[in-house]
Amino acid sequence: MKITNKIIENHGLKKEEYKNIQKLLKRDPNFLELGIFSAMWNEHCSYKSSRVHLKNLPTQGKHVIQGPGENAGVIDIGDDDAIVFKIESHNHPSFIEPYQGAATGVGGILRDVFTMGARPIALLNSIHFGSPTHPKTKNLLNGVVSGIGGYGNCIGIPTVAGETKFHETYNENILVNAMAVGHTKKNKIFYSKAKGIGKSVVYVGSKTGRDGIHGASMASAEFDENSEEKKPTVQVGDPFTEKLLLEACLELMKDDSIIAIQDMGAAGLTSSSVEMASKGDLGIELNLEKVPCRENNMTPYEMMLSESQERMLIILEDGKEQHARKIFQKWDLNFVVIGKTTNSKNLVLKYDNNIEGEIPIDALASKAPIYNRKWVKKKVSKNKFDFKKLKKIKLEDALLKILSSPNHSNKSWITNQYDQMVMCDTVQRSGSDAAIIRIHNKDKAIAVSVDSSANYCKSFPSTGGKQIVCENWRNLIAVGAKPVAITNCLNFGNPENEKIMGEFAECIQGIKEACEFLDYPVVSGNVSFYNGTNNKNIYPTPVIGGVGIIEKLSRPINHNLKKIKSSLILIGKTFGHLGQSCFLKENYSIIEGMPPEINLVNEKNNGETILNLIKKNLVLSAHDISSGGLIIALSEMSMSSKIGVKIEKPKMLRNLNEYFFGEDQGRYVIEIDQKNLVEVEKFLKTNNIYYDNLGITQPKYFEIEGEMKLDINDLFKINEQWYNNY
Amino acid sequence: MERQFQLNLKKSKLKFSVTVTLKKDVLDPQGKVVLNTLTNLGMTSLQNIRQGKFFEIDIETKDQLEGEKKVKEVCEKLLVNLIIEDYKINKL
Amino acid sequence: MERQFQLNLKKSKLKFSVTVTLKKDVLDPQGKVVLNTLTNLGMTSLQNIRQGKFFEIDIETKDQLEGEKKVKEVCEKLLVNLIIEDYKINKL
Amino acid sequence: MKSSVIVFPGSNCDRDICVALEKMQFKNQKIWHKETSLPKSDLIVIPGGFSYGDYLRSGAIAGKSLIIREVIKAANAGCLVLGICNGFQILTETGLLKGTLLRNKNLKFINRDVNIKVTNNKTNFSSDYKLEQVLKINIAHNEGNYFTDKNNLEILKKENLIAFKYCDEKGNITEESNPNGAIENIAGIYNLKKNILGMMPHPERMIDKTISNTDGINLFSSLLNH
Ligand SMILES: Nc1ncnc2c1ncn2[C@@H]1O[C@H](COP(=O)(O)OP(=O)(O)O)[C@@H](O)[C@H]1O
Ligand SMILES: [Mg+2]
């Protein structure tokens with residue numbers, strides 16, 4: 001087939017990139033080779049627009065065993081235990097086919113974790129939809145939630161936490177990010193680096209079909225009106241087969257048969273084989289006629305680019321084939337030696353002994369393009385927002401408005417569709433600030449949470465970037481965990497647009513500053529660009545997934561109030577920042593101003609002090625204050641426990657809305673047994689913590705003295721109704 | 001009275017069936033497992049099984065064309081995922 | 001050679017379809033919800049929907065009667081839960 | 001007491017039930033579905049999960065497996081058999097238990113803690129509970145909507161074969177407390193000889209205070225005391 005300009009364009013390659021290919025090959029590529037270049041050089045696989053910025057992120061730390069660059073990050077949680085985790089986007093496929101898109105997103109991230117030798121122990125997700133009134137939203141929400149549940153429930157890994165948000169910026173481009181967390185022993189971590197020449201390259205798992213051919217390039221292109229018409233063959237997930245693959249892989253990993261292992265994710269056989277060879281600085285030769293195929297007459301091009309799910313590539317030690325084959329046969333999975341490692345440093349593709357394609361590995365990997373794209377700084381918006389001009393609103397009305405809004409409604413409609421309990425180590429299920437998963441057979445646990453704040457990031461990206469790291473950090477603190485490391489999924493618009501690239505660069509700058517200060521390194525992540533339609537880009541939506549350690553599970557903390565007549569203390573200073581707040585958005589439809597500032601020094605001090613109080617067993621419950629401010633945090637603590645509160649009006653004369661709805665950062669509410677109050681206050685003072693005594697807990701009523709008094713059951717009903725009526 | 005009413009209703013009702021099948025090339029995990037099981041149960045002469053959905057729909061109309069049009073709408077609105085499935089309508 | 005072989009195979013293959021439906025007095029939660037949803041979507045002329053399963057089966061045989069017998073066996077052995085479901089076989 | 005847990009491809013609560021049985025001092029072993037014989041055991045457990053992906057109908061394919069024939073033999077010989085969730089579905093597919101489990105009435109997977117009431121405490125599975133005791137137990141299923149014909153329902157009632165019913169916190173059998181639409185709020189049933197119990201709720205998830213509560217323990221202790 002002659003390579004025309006049209007074909008090059010259809011492969012998402014720019015003219016200069018094609019010239020570069022010709023130069024690297026010293027000839028024209030054939031069609032198969034072109035397909036392979038296009039798969040490896042697209043944004044999704046090559047990170048060509050993001051790399052120069054990503055390398056600024058802090059990736060080292062005393063707990064880090066493996067930072068970015070492998071299938072997933074690995075941290076040391078003491079004893080001989082290691083935690084493996086990563087987050088990944090599946091935005092584009094989920095918009096086209098929500099159930100399968102979300103399901104295969106979960107399947108993909110699980111493979112990233114168990115390829116490294118870890119048994120997955122928890123799933124999380126961050127999902128963003130368009131406006132609830134948009135005609136597509138309901139169907140997408142339904143499909144995505146049942147897809148996430150469908151996969152996780154079937155394979156038997158609990159889905160324990162996440163976030164769900166609605167905003168019109170996602171009307172035509174939803175976000176579906178899935179995170180998986182696994183556990184392994186420190187001496188049982190598997191990597192993707194090939195070693196040795198003449199070693200068997202083995203294909204295991206499902207057969208290859210014509211699924212999602214060019215999925216990776218699709219994820220790297222903007223949608224236009226025709227995308228829905230084009231409807232590329234979507235991948236269908238098969239969680240049952242994945243369960244078998246998981247068990248078979250873990251069984252084979254018990255000894256040292258495996259030299260290297262890599263799942264077939266985006267760009268399937270191509271990227272898995274190239275990555276293993278590239279990391280080992282070796283060549284690889286594949287005999288494509290051996291690839292197990294689902295359909296007749298599949299071409300080498302289709303085999304190399306298929307994104308069929310539930311497949312892996314393994315490089316085996318000499319003489320281990322029989323042993324390995326037996327295991328995969330036991331689990332009824334395909335097991336075929338399809339090639340070998342070579343010293344040629346080339347990817348050689350043969351079909352019935354004819355060479356169909358031959359490309360130097362470095363041309364596909366290290367020599368893939370890298371762009372330092374132009375970007376512009378975000379300008380500080382000048383118009384100062386004048387709070388005095390707003391119509392008066394009653395505290396109670398504003399509270400109810402927020403609690404009944406889609407973004408703040410109780411998420412049990414979603415979380416009840418996920419099996420959160422399977423594996424019987426879920427100490428804290430969805431509904432609190434972070435989920436807690438016990439390490440099997442031990443008295444320690446990890447806490448996990450995912451967070452994003454697209455509004456903040458849009459209005460001022462560098463502050464937004466800092467804020468999400470801090471919010472995520474706080475969520476772990478609030479359940480008594482020491483935050484250890486994060487993974488991140490960077491969902492942005494078109495990087496060829498200077499403003500978007502600016503949002504990207506500045507968000508990363510913010511993330512970096514916060515991570516460095518909090519000693520909270522990034523160990524894995526994923527970038528998803530081109531989220532937008534017809535030049536409309538989504539708000540910058542970096543998502544942070546954090547993991548923390550709970551050394552001893554004597555008393556897990558959550559945000560449910562524990563008893564009557566205990567004291568409530570607000571940690572951190574309240575200034576009443578309403579810019580970009582949920583109060584303005586839900587009550588006045590105003591989206592204005594700067595996001596709240598982050599003071600990293602206070603952030604760290606507040607968090608560490610709370611952690612110490614928890615360790616001393618002085619805290620009954622804790623909740624961080626985020627979107628919606630103090631009053632929302634208090635009402636959540638009340639609703640989850642059905643215990644009321646009686647809050648005094650602030651002593652200083654101030655605007656009540658600012659006080660109760662302000663979104664100042666670095667704050668928490670903690671519940672303290674009265675008998676410990678003196679000790680706690682003393683501790684707070686010696687640690688230089690700013691705090692306010694808020695009031696006490698009481699039966700039945702959510703009360704702000706002299707302002708409002710509501711039955712908690714009514715509050716709860718209002719908070720629950722939105723999803724059930726949608 | 002009641003019977004008469006029911007008879008009237010019956011008269012103005014048409015029955016359709018819809019079969020929904022996965023598009024060619026789309027993975028059918030169910031069919032795969034069912035085929036394996038049957039082969040293991042000794043049914044070796046089976047070559048392939050694909051699983052789909054089946055609906056019986058009663059529509060209030062006397063006009064077959066109109067009925068078909070409505071069933072088509074039902075299919076495209078809800079029953080069928082056009083991205084991975086095909087469907088066929090039959091008058092019963 | 002290979003082609004000839006495939007042709008032979010083709011000749012000796014029969015295709016059947018099977019529709020499996022819930023027995024009349026068995027509750028069909030799926031059909032009910034589907035009907036509700038469609039009614040809410042404004043499709044008020046729908047009277048009833050019942051959901052079942054559909055299979056396409058390729059059998060290696062030249063003999064229709066034998067084929068049907070085998071398909072029947074497949075149904076009763078696995079595809080159909082005779083306690084709650086009925087089935088129908090069609091030659092395609 | 002010796003117990004055997006049958007593991008099918010796609011079972012995923014096998015580890016959980018094994019942990020529970022071992023914690024309760026059963027001498028337990030896992031039996032892979034390709035085995036053709038069962039070791040001598042006092043209790044056979046078919047765990048929850050998605051055997052064979054729950055493709056076709058939940059439990060259907062496992063119901064045809066080789067090992068299930070052995071389970072049927074043992075059950076008919078009087079061995080105690082407990083099917084939880086997918087295990088219940090499998091037991092109905094084999095005919096060891098009457099009736100069937102349809103999709104939840106809301107067509108969604110449901111995972112949450114629900115209340116169930118012990119409706120018969122005179123069996124080997126329930127003697128350590130009080131009659132009418134209300135338990136809070138986790139459910140996690142797509143097809144838990146128990147259905148059976150009138151005839152069999154009569155038998156279930158007459159022979160006292162209903163093991164548990166969904167109820168509210170106070171033990172009232174109401175429609176709101178029925179999570180999945182099961183006929184007469186049925187959450188679990190026995191066979192005529194009461195040596196087989198199938199139930200949708202997961203007692204093995206309720207044996208550890210750190211995780212949930214301990215309402216499931218008495219089911220296992222009843223078995224031990226038997
Ligand atoms: N899609 C989802 N999947 C799982 N859990 C979710 C999902 N969306 C929200 N949740 C859970 O609902 C609770 C409330 O979410 P959110 O308000 O975002 O919490 P926070 O502000 O503390 O991060 C959390 O426990 C969260 O884990
Ligand atoms: Mg929080």
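This one's a predicted model, so the numbers in the text were calculated from it and none came from an experiment. Computed from heavy atoms alone, side chains included, the values below leave out hydrogens, waters and symmetry copies. Chain A is the first sequence line, chain B the second, and so forth, proteins listed ahead of strands; every chain is numbered from 1.
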Salt bridge present between A/E720 and A/K717 (N-O < 4.0 angstrom): no
Go through the atoms of D/D208 and report whether side chain, backbone, both or neither lie under 4.5 Å from a heavy atom of chain A. side chain
Using a cut-off of under 4.5 Å for heavy-atom pairs, which of D/S11, D/P9, D/A140 has the most such pairs with chain A? D/P9
Side chain, backbone, both or neither: which part of A/I155 has a non-hydrogen atom closer than 4.5 Å to chain D? backbone
Under 4.5 Å heavy-atom distance to chain D, tell me which part of A/N441 shows up: side chain, backbone, both or neither. neither
Interchain contact, D/R205 with chain A, by part (heavy-atom threshold 4.5 Å): both
Heavy-atom contact with chain A under 4.5 Å, split by part of D/Y52: both
Give the interface residues of residues 242-250 of chain A toward chain D, defined by a heavy-atom separation under 4.5 Å. A/K243, A/L244
Region of A/S146 in contact with chain D, defined by heavy-atom distances below 4.5 Å: neither
SB check A/K330 A/E251 (cutoff 4.0 Å): yes
Top residue by heavy-atom pair count (under 4.5 Å) with chain A, among D/K108, D/E204, D/R15? D/R15
If you tally heavy-atom pairs under 4.5 Å between each of A/N153, A/T426, A/V427 and chain D, the highest tally belongs to A/N153
Side chains of D/N86 and D/Q89, donor plus acceptor under 3.5 Å: yes
Test: A/K444 and A/D79 ion pair at under 4.0 Å: yes
Less than 3.5 Å apart, any donor N or O on the side chain of D/H202 or D/N138 sitting next to an acceptor on the other? no
Is it true that the side chains of D/S221 and D/D128 contain a donor and an acceptor less than 3.5 Å apart? yes
Note: A/D419-A/R429 ion pair, threshold 4.0 Å (strictly below): no
Using 4.0 Å as the upper bound for N to carboxylate O, is an ion pair formed by A/D332 and D/K34? yes
Provide the closest heavy-atom pair for D/S126 versus D/V118 in the form atom of the first, atom of the second, distance. CB-CG1, 4.5 Å
Looking only at the side chains, is there a donor atom on one of D/Y166 and D/N180 sitting less than 3.5 Å from an acceptor on the other? yes
